[in-house]
Amino acid sequence: MRKHPTKTVPLIAAGIVAMVALSGCSAGGSIEPAANAKQLTGGTVSYGHQQEPACVFGGWIEQAYLSYQVLDNLVSLDKDHNIVPWLAETWQASDDQLSWTFTLKEGVSFTDGTPVNAEVIAYNFDYWAAGGNSTAAVWLGGYYESAEAVDDLTVKVNLAKPYPLFAENLTQSYFGVQSQQALETRTDEENCAAPIGSGAFTVGEWNRGENIILHRNDDYTSPPANAKHDGPAYVEEVDWKFISDATTRVSALRAGEADAIYDVPAIEWKGVGEQGYEQLKYVTPGRPQQISFNTAKGIFTDENLRKAFVYSLDRKSIVDTIGKGVIPYEGNGAVSQTTPGYSEKAADAYSFDLEKANELLDAAGWTERDDDGYRVKDGKTLDVQFPYSGGTIINADGASILQGVQQQAKAAGFKVNLIPIPPSAAASGKYSGVDGYDISVGYWTSVNAGIQYINWRQNLPESPNNWNSAFYNDPELEDLIVRANSAIDLDEQNALYAEAQEYIADRALSVGLYDRLSTLAVNPSLKGVWQESSQGGPVFHDAYFVG
Amino acid sequence: MTHTLSAKHTDAPPATRRRLTVSPRARSIVEKLVGAGIVLWGAATAAFLAQVALPGDRATTILNVRSGQTQLRTPEELAPINAEYGLQDPVLVQYLDYLGGLLRGDLGISYQQHRPVWGIISEQVGATLALTAVTLVLAWVIMVFWVTLTAGRGPRIRAFGSGVDTVTAGLPPYWLGILLLLVFALGLGWFPVIGGTGVNGIVLPALTLAIPLAGFMGQATRTEFERSLDAPFVLTARMRGMGDVGIRLRHVLRHAVLPAVTLSGWAIGATISGAVIVESLFTRPGIGSVLITAVDSQDLPVVTGVVVLVAATYVVANLLVDLAYTLIDPRMKNS
C-alpha cells in the first residue's frame with residue numbers, strides 16, 4: 001500500500017527552486033552612514049586579515065603588519081616618503097657617516113611599565129642583529145657594528161661604513177622596539193604570542209586559527225608624527241580575524257561582520273568600490289614580483305637566451321588582462337615604481353618583439369623545432385625549469401600571470417615547465433640552489449632601492465649571499481650598489497641606484513612582471529583607517545566609528 | 001591459571017586457546033588494546049619518518065618560515081637552530097628521543113610557535129570535535145530522513161532518491177561550502193559568514209561536511225533498506241496493522257544501518273583531519289588547519305602530535321563502532 005508517492009517529487013522540486021530563488025537575494029540597503037553621523041568613541045574594529053603568522057613579531061611581512069599595532073619604531077615614514085619622529089625625536093649622522101645619534105622622546109613607557117630609554121634601544125639593536133628579527137638582521141648585516149647609550153635618552157649606533165639610508169630602513173616594522181625586561185625575563189612563547197612594546201595596542205588574547213584581540217593601550221603617548229591624532233586610539237579593541245579564504249573575506253565585509261578587510265581579489269575590486277566601501281591601495285616599494293634568471297647554470301647563462309625569453313613576452317598585456325586594472329604592470333626587475341630612485345629606462349628596456357626573440361634563438365643555434373613547436377638543439381629541447389611558491393609568495397592572480405608567461409614564451413619555442421611548489425618544499429631550500437631552477441620569481445618589500453644590495457651583492461665563500469637569486473656574481477654591479485648605499489647626496493645616490501637597475505636590465509638578469517599590492521576595503525561607518533607607508537599595513541590608531 | 005598473555009596466545013592454535021580460562025571478553029579487550037598500541041606506534045613512526053624524508057633541510061625550513069623567505073642558508077645561520085632542536089643528531093637518536101617523549105606524554109615544542117604541542121592541540125581539538133559531532137548527527141538525520149522518505153517507493157522516486165545520494169556524495173566541499181555561505185549567510189543572513197566557535201556558526205560548516213557524508217552513507221543504507229522492506233518480518237508487521245512509517249523507522253532501519261555505522265567510524269577520523277577546507281572557508285579554528293600549517297612549515301612535533309591524535313581518534317571511534325554493532329544487533333554479542 002503505497003501512499004501517493006508522486007506528491008513527494010513536486011515537493012522536493014519546489015524546495016530546490018525556492019532555495020535557488022532565495023540565493024538571488026543579497027544583503028541590500030545602503031551602507032553609507034547618515035549625513036549627520038557623529039564620531040563615536042570606543043567600539044571594536046572587526047578586521048579580516050588573510051594569513052596567520054606563528055608569532056606576532058618576526059621577519060615576515062605578515063608579522064610586520066601585526067607588530068606595527070603593538071610596537072613603536074624609532075622613526076616612521078610618511079606619505080611623501082619623509083622620515084618623521086616616532087620614539088626618536090631627532091636623529092643625526094656624524095660627519096664621517098659612521099655613527100648615528102638618536103634622541104628619544106621623554107617619558108615613554110612600555111606596557112610592562114619599564115621606560116623606553118637609550119639602553120633598551122641599544123639592546124634592541126643587538127637583539128635584531130643577532131637574529132631576533134631575521135629580516136632586520138639582513139638589513140643591518142655588513143653595516144651595523146654596535147649601539148651604546150650615551151645618556152638616558154641618547155643612543156649612538158656605530159656603523160662599519162656610511163649608510164645614509166640607515167634611518168629610513170628603521171621605519172620598517174622589523175625594527176619594532178620591545179621591552180628589554182620582557183625579552184630577558186619572559187619565555188620565548190610569551191614573547192612570540194604577545195611581545196611587549198610601547199604601541200597603540202597590546203595583544204589581548206590569541207585564539208589560534210581564529211583571531212587576535214588587540215586591546216587599546218590607554219596610556220599611549222608615543223604615536224608617530226604622521227599619525228592623525230595624539231594620545232590613545234579611539235577604538236577600544238581590534239578583533240584581528242584570520243580569514244584565509246578570499247570569498248569569505250569579501251562576504252564578511254558585505255554582511256557587515258568585518259569593518260575592514262585586507263587583500264581584495266582583483267575580480268572583486270570594482271564591485272566592492274561600487275557598493276560604497278572605501279578602498280585603499282598601496283603599491284609595495286622594493287623588489288617587485290619579478291623573474292630572475294639562473295646565470296650560473298643552464299641555458300640562461302647565455303645572455304642572448306635571457307633576452308630572447310624577455311622579448312618573447314608581452315608582459316604588460318598579461319598583467320593588464322589578469323589584473324583587471326588593479327594590479328600594476330612592472331617592467332623593472334630590480335625595484336618597483338613606488339621606490340625612490342626608480343629607473344624608467346630600466347623598466348622600458350624590453351618590449352614584446354617575437355621576431356627579435358626568434359632571431360636571437362636562431363643565432364644561438366636553436367634552429368629546429370619539434371612537433372609541438374618547441375625548439376630543439378642537438379636533440380635537446382629548450383626546457384625552462386620555473387618553480388614558484390603558490391599560495392604564499394605568488395597568490396592566485398599571480399599564478400595566472402605566470403601561466404600567461406608560459407603561453408607566450410611557447411611561441412618563441414621555449415618549453416616552460418611551471419612547477420607549483422608547496423610551502424614546505426619552498427622553505428626547505430630544495431628549489432633554491434643553483435640546480436633548482438632556470439627562472440625564479442618573487443618579491444621583497446623595502447622602502448628604498450637599497451634592496452638591490454641584498455638581492456645583487458655577490459655570493460662569495462667569505463661573505464655568502466643566498467638572496468642573489470640570479471647567482472650573478474659581479475664586482476662591478478656590487479660596487480655600483482655599495483657606492484649608491486653610501487652616497488650622501490640624494491641625487492647622486494638615486495643616479496647610482498638607477499645605474500644599477502639599468503645594469504641589471506641591460507644584461508637581462510632580472511625583469512619585472514607586476515607590483516605587489518596591499519589593498520584594504522573599509523566599511524564607510526569606520527573612518528580614519530590608513531595604510532602605513534613602509535609596507536602598507538593597516539593602521540587602526542586613528543580609526544573611529546561614526547553613527 | 002592466570003591471565004598469561006601474548007606469547008602463548010599468539011603461538012597457540014585456536015583449538016588450544018579455548019582451553020585457557022581467559023574469558024573471551026577479557027581477551028578481546030586485551031587484543032584490542034594491543035592492537036590500538038600498535039596502530040598508534042605505527043602512526044607515530046610513519047609520521048616521523050615522513051617528516052624526516054621530506055626534501056630539503058629542516059633547519060633551513062624553520063628559518064625560512066620564520067622570515068617568509070625561500071633561500072638557502074649559510075651554516076652560521078643554521079647552527080643555532082640545529083643545536084636548539086638537535087636536528088643534526090642521527091635520525092635514530094631523534095626517533096628514540098621522540099618515542100621516549102611520546103611515552104612520557106610529551107609531544108615536544110612547536111618550532112614555530114615556541115610552545116608545547118599539547119597546548120596547541122588541546123586548544124584546537126574542542127572546535128574540531130564539536131564540528132565532527134555535529135556533522136555526524138546532521139549526516140545521520142539527513143540520511144535517515146532521505147532514505148526513509150524515498151527508498152522502496154515507486155521507481156521514479158527510488159531513482160530520484162538514489163540519484164540525489166550519488167550527486168551529494170560527490171559534491172566538492174569547497175563548492176558546496178561557498179554555495180551555503182553565499183545563500184544562507186550572505187544572502188539570507190540566517191548564519192554568520194565568519195563561523196568562529198559560536199553555536200550558530202557551526203551549522204553551515206557542519207552541513208558542508210554532512211551533506212556529502214549523508215549521500216555517501218545513504219548509498220550504503222539504501223540497498224539494505226530496500227531488501228529489508230521485502231523481508232517476511234515486514235509483512236508480519238504490516239499484518240499486525242503497523243503503519244508504513246513505523247515499520248520503516250522501527251524495523252527496517254535497524255537492519256539497514258549497519259554499513260552506515262561502519263562508515264561513521266571512518267567519518268569521525270576523516271572529518272578530524274580533513275575538515276581543513278571547511279575550517280578555512282568558515283574561519284573556524286581546528287586541528288585540520290593546524291596540521292596543514294605544520295606540514296607547510298615542517299613543524300615536526302606538531303605534525304606528529306596531530307597524527308597520533310587522529311590515529312587515537314580512529315582507534316576509539318572503531319571501538320565505539322564495535323560497541324554500537326552489538327547494541328543495534330544483539331546477535332553480534334555472541335558472534
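All heavy atoms count here, side chains included; hydrogens, waters and symmetry mates do not. Per chain, numbering begins at 1; letters A, B, ... match sequence-line order.
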Give, as side chain, backbone, both or neither, the part of [X] having an atom under 4.5 angstrom from any heavy atom of chain A.
X       : answer
E123(B) : side chain
R58(B)  : neither
S289(B) : neither
Q113(B) : both

Which answer fits [X], side chain, backbone, both or neither, if we ask what part of it has an atom under 4.5 Å from a heavy atom of chain B?
X       : result
S389(A) : side chain
I61(A)  : neither
E62(A)  : neither

So which heavy atom on [X] is nearest to which on [Y], and how close?
X       : Y       : value
A252(A) : V193(B) : N-CG1, 3.7 Å
D245(A) : S280(B) : CB-O, 3.8 Å
R208(A) : P285(B) : O-CB, 3.4 Å

How long is the gap from [atom1] on [X] to [atom2] on [Y], to the nearest 0.5 Å?
X       : Y       : atom1 : atom2 : answer
K430(A) : T60(B)  : NZ    : OG1   : 14.0 Å
T248(A) : I194(B) : OG1   : CD1   : 8.5 Å
T283(B) : N211(A) : OG1   : CG    : 10.0 Å

Side chain to side chain, [X] and [Y], heavy atoms closer than 4.5 Å:
X       : Y       : result
P116(B) : E189(A) : yes
T61(B)  : S428(A) : yes
L186(B) : R254(A) : yes
E257(A) : P192(B) : yes

Counting heavy-atom pairs under 4.5 Å with chain A, which one of [options] comes out on top?
options                         : answer
L281(B), L181(B), I109(B)       : L281(B)
D57(B), L72(B), I120(B), N64(B) : L72(B)
Q112(B), R115(B), E77(B)        : R115(B)

ask   = For I267(A), does the CD1 atom have more than 12 heavy-atom neighbours from other residues, nucleotides or ligands under 6.0 Å away?
value = no
task = Select, from Y174(A), W467(A), F242(A), the one with the greatest count of heavy-atom pairs under 4.5 Å involving chain B.
result = W467(A)
